[in-house]
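Below is one structure, written out as structure tokens; the observations come after it.
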Amino acid sequence: MKIPGAADRIDDATFEQILEMDDDEEERDFSKSIVYDFFTQAESTFGKMDSNLQAKDLKTLSELGHFLKGSSATLGLTKVKDECEKIQHYGQKKDATGTKDLSSDDALSSLQTAIDQAKKEFKDVEKVLKRFYHDDSSPTRHQFCTPNQEIPHHDSIHLLPH
Amino acid sequence: MDASQAGSSNSSDFVRKLYKMLENQTDENVVRWGNEGDSFVVLENEKFTKHILPKHFKHSNFASFVRQLNKYDFHKVRHNNEENGQSPYGPGAWEFKHPDFKMNNKDALDNIRRKAPAPRKANQQTDDLMVPTQQMDLVNGQLVATQTQLQQLQQRYDELSIHHSMLLQEVIGLQKTVVNHEHVMQNVMSFLHTVDAQQRRASRVAIPFGQQGGQVQNGNVETQPAQATPLEDDIPASPLQHASKLLSETNADVMLNPRNLEHMNEITMRMNGTLTTPPPEFMRGRPASRGGGPPSATSSTSMRMGDLDNLVYPVGTNQGIDPMYSEHINNIPYPLPTKPAEPVAESRFQETRKKSTQVDPGWVRPPQILLVEDDPTCRRIGSKFLYAFHCQIDSALDGLEAVNKMNAGSKYDLVLMDIIMPNLDGVSACHLIRQFDNTPIIAMTSNIRSDDISMYFQHGMNDVLPKPFTKEGLLQMLEKHLAHLKKPVAQMDGMIAPQPLATTRQVLKEEESPAKSPATASNWNSPNQVPGISPVSNVTDEYMQQVQGHPGAYAVNPIQGGIAYNTSPQMQMQARQQAAAGHRRQISDISGGDEMNNVAKRQQMYNGPMQPAPLNPMQPRPR
């Protein structure tokens, strides 16, 4: 089954095997609860990332990146996973592929970018998934943004052709 | 605010508010002074953000609070020096420190100033000049901490060296056992060759195979032993009996947890500089390392870990099946069931798997699986899959919990272990568990560079399941490592080959890569390794017959023959080699065709040894 609007954001094979575990293809209780728990988990992880970015705690940031990478990969949320992998590497003061060393400052600025991008990818895929689960409630607010560094609101960006 | 204003007029608003917040002890369980009074601790992040921040700072944004602190040169206190890297205030606590922010010292607050907004790089230098004493204190504290850390490491190192030397003694004993095994295997081989040659001669004389039916089986039972004895010149103990005696003598030694000793040996060897790079054969070289065939590896000193591993028990314990019996069945120099049979068995299986989400792999009893995973999403999906495969699941949230559960006596058939977890990582957990338990442990991880993987094996992992795992991959792991729990069904829906056989073959086929199939094929230089086109039924008959031909010596019935075939070390070894070699392919399969990503990963893997391993056993592991 293809998720409408997912494009390359979701890896079909991975996500499908989770959908297969649903007992009822209308209700989709199992996969829905997994996905929605992931939303919560992601929001809270992004919140922690923001705090630790302020505290310049690179090690914790890398751990947070790894943590979210695992769950997003398990759900097949490819783009979120890729950004999280970058966060993991930057936190170790490595470049995006984990090969070259970075200075602390470069790592921090890369982290800022990658975290913002990860949030954006998350918001995008969240929207797609909520539509898939017939949930029309507005996307969750950006609770994790600091007042001065509010990331751009994606509500205005129409990435989805439908 | 009025109280603090009376005290001083110089200190900043933010700092005074902060101090005032801490004076108010009603929220002590959320935020309070640190135990020494020279820091403050946010114990409950969420409550603090929701209730305390709005009260004192008119916003509810923790990140912004931390940023403010940062501006005033407060620092988050990390607890790397403590035993487990945990804050004494609990895992979720945030502790902040400023040299002039102390309980009962309101005057010092005046010294806390907003840092001058300077460019980031210059920042540190100006600070250096402005507050040299502060920096000195900080550096001093760090030095002391590092020294203690070093001391602890030194102690630990000494302790470990003693262990190593003790263990190495045992390794030497073990290697002798391995050499014995080598001789045994050679004996078995040569004997089987003679038997084989003889049988071929016999069957040439007799009617061609296809038409024999039950008649031949009877004939074989009687004629085979009778012919075998004269050919061996009436040696009182035939090579086989001799071998089995040797085997049963050495068996006990092998059961003494050989795996741990191998790791020790490996690590020591590495420390001595004998082995400078991680053995690459875990990724691809495995078949090559045994290219000369088993008999060539007789010298114990020249043996590397990979060889030991392959030649003795490739997968943990022998799972209650006497290797003597499984071994010889595999050694029988008949070709394995060949291609024509494959598509049938395979498509059948995939069909059944696709059709229903509830796959029953046919367990004798539900396998007990321990799932060790800190990420709730992965844990839930993993559990769900396992449940669908009719397994009973217990879960642990980190390595520590897993070790405790197993140490407390919980018995599992298989452990699925995440690698990077808080409190205790999967590799360390596995290492600890191996001190007292041999349950198969499978690493579930996305870190699958070759040096990572060889490290997992060194610490006693039995296999690697790349993350994110697929249902198929998981099921294959279960079937591979829990083959002894499969129902010994000889036929299913009129299928001729026993079910376990078909399953294993499917694994083999899927993992097969052209690079190593020649090596696998040349394992046993059997005289009649016909590039067989024999259909499955024929082959099955052939080896069943062989089994029946020696009722005394082998004492296996046809059904057990099927099982033994499936669980024989040789078979598992191949499967494992191929699984190991197949990982690279699996990554690309799984990560959804993101080509750029794969290329990068692949390069990482080839360059593996040149990069610092993220989980190097000699370094403190990242949590």
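On a predicted model such as this, the values are computed, not experimentally measured, just so you know. To find a chain, count down the sequence lines: A is the first, B the second, and so on, and within it residues start at 1.
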Atom [atom1] of [X] and atom [atom2] of [Y]: how far apart are they, to the nearest 0.5 Å?
X        : Y        : atom1 : atom2 : answer
A/Thr14  : B/Lys471 : OG1   : NZ    : 13.0 Å
A/His66  : B/Ile419 : NE2   : CD1   : 9.0 Å
B/Phe385 : A/Ile18  : CZ    : CD1   : 5.5 Å
A/Gln54  : B/Ser64  : CD    : OG    : 8.0 Å

Note to self: Within a 6.0 Å radius of atom NZ on A/Lys32, are there more than 12 heavy atoms belonging to other residues, nucleotides or ligands?
What the structure shows: yes

Next item on the list: Please say whether more than 12 non-hydrogen atoms of neighbouring residues, nucleotides or ligands are located less than 6.0 Å from NZ in A/Lys79.
Entry: yes

Next item on the list: With a 4.5 angstrom heavy-atom cut-off, could you sort out which part of B/Asp374 is near chain A: side chain, backbone, both or neither?
Entry: both

Margin query: So for B/Phe96, is it side chain, backbone, both, or neither that comes closer than 4.5 Å to the heavy atoms of chain A?
Written below: neither

Between [X] and [Y], what is the shortest heavy-atom contact and its length?
X        : Y        : result
A/Gly70  : B/Cys378 : O-SG, 3.6 Å
A/Phe67  : B/Asp375 : CE1-CA, 3.8 Å
B/Lys384 : A/Met21  : CE-O, 3.4 Å

Going by heavy atoms in the side chains, are [X] and [Y] under 4.5 Å from each other?
X        : Y        : value
B/Lys76  : A/Thr60  : yes
A/Phe38  : B/Pro376 : no
B/Glu472 : A/Gln17  : no
A/Leu75  : B/Ile381 : yes

Check: What part of A/Ala13 is in contact with chain B, defined as an atom under 4.5 angstrom from a non-hydrogen atom: side chain, backbone, both or neither?
Finding: neither

Item checked: Largest heavy-atom contact set with chain B, pairs under 4.5 Å, which of A/Ala55, A/Ser71, A/Ser72 -> A/Ser71

Margin query: Please identify, among A/Ser62, A/Ala73, A/Ser31, the residue contributing the most non-hydrogen atom pairs under 4.5 Å to chain B.
Written below: A/Ala73

Check: Cut-off 3.5 Å, side chains only: do B/Thr377 and A/Gln41 have a donor facing an acceptor?
Finding: yes

Checklist line | A/Ser33 and B/Arg380 side chains, donor-acceptor separation under 3.5 Å | finding: yes

Check: Could you walk me through whether A/Ser51 and B/Trp94 pass the side-chain contact (heavy atoms from CB on, under 4.5 Å) check?
Finding: CA-CA 10 Å; A/Ser51 308; B/Trp94 289 64; 3.5 Å; yes

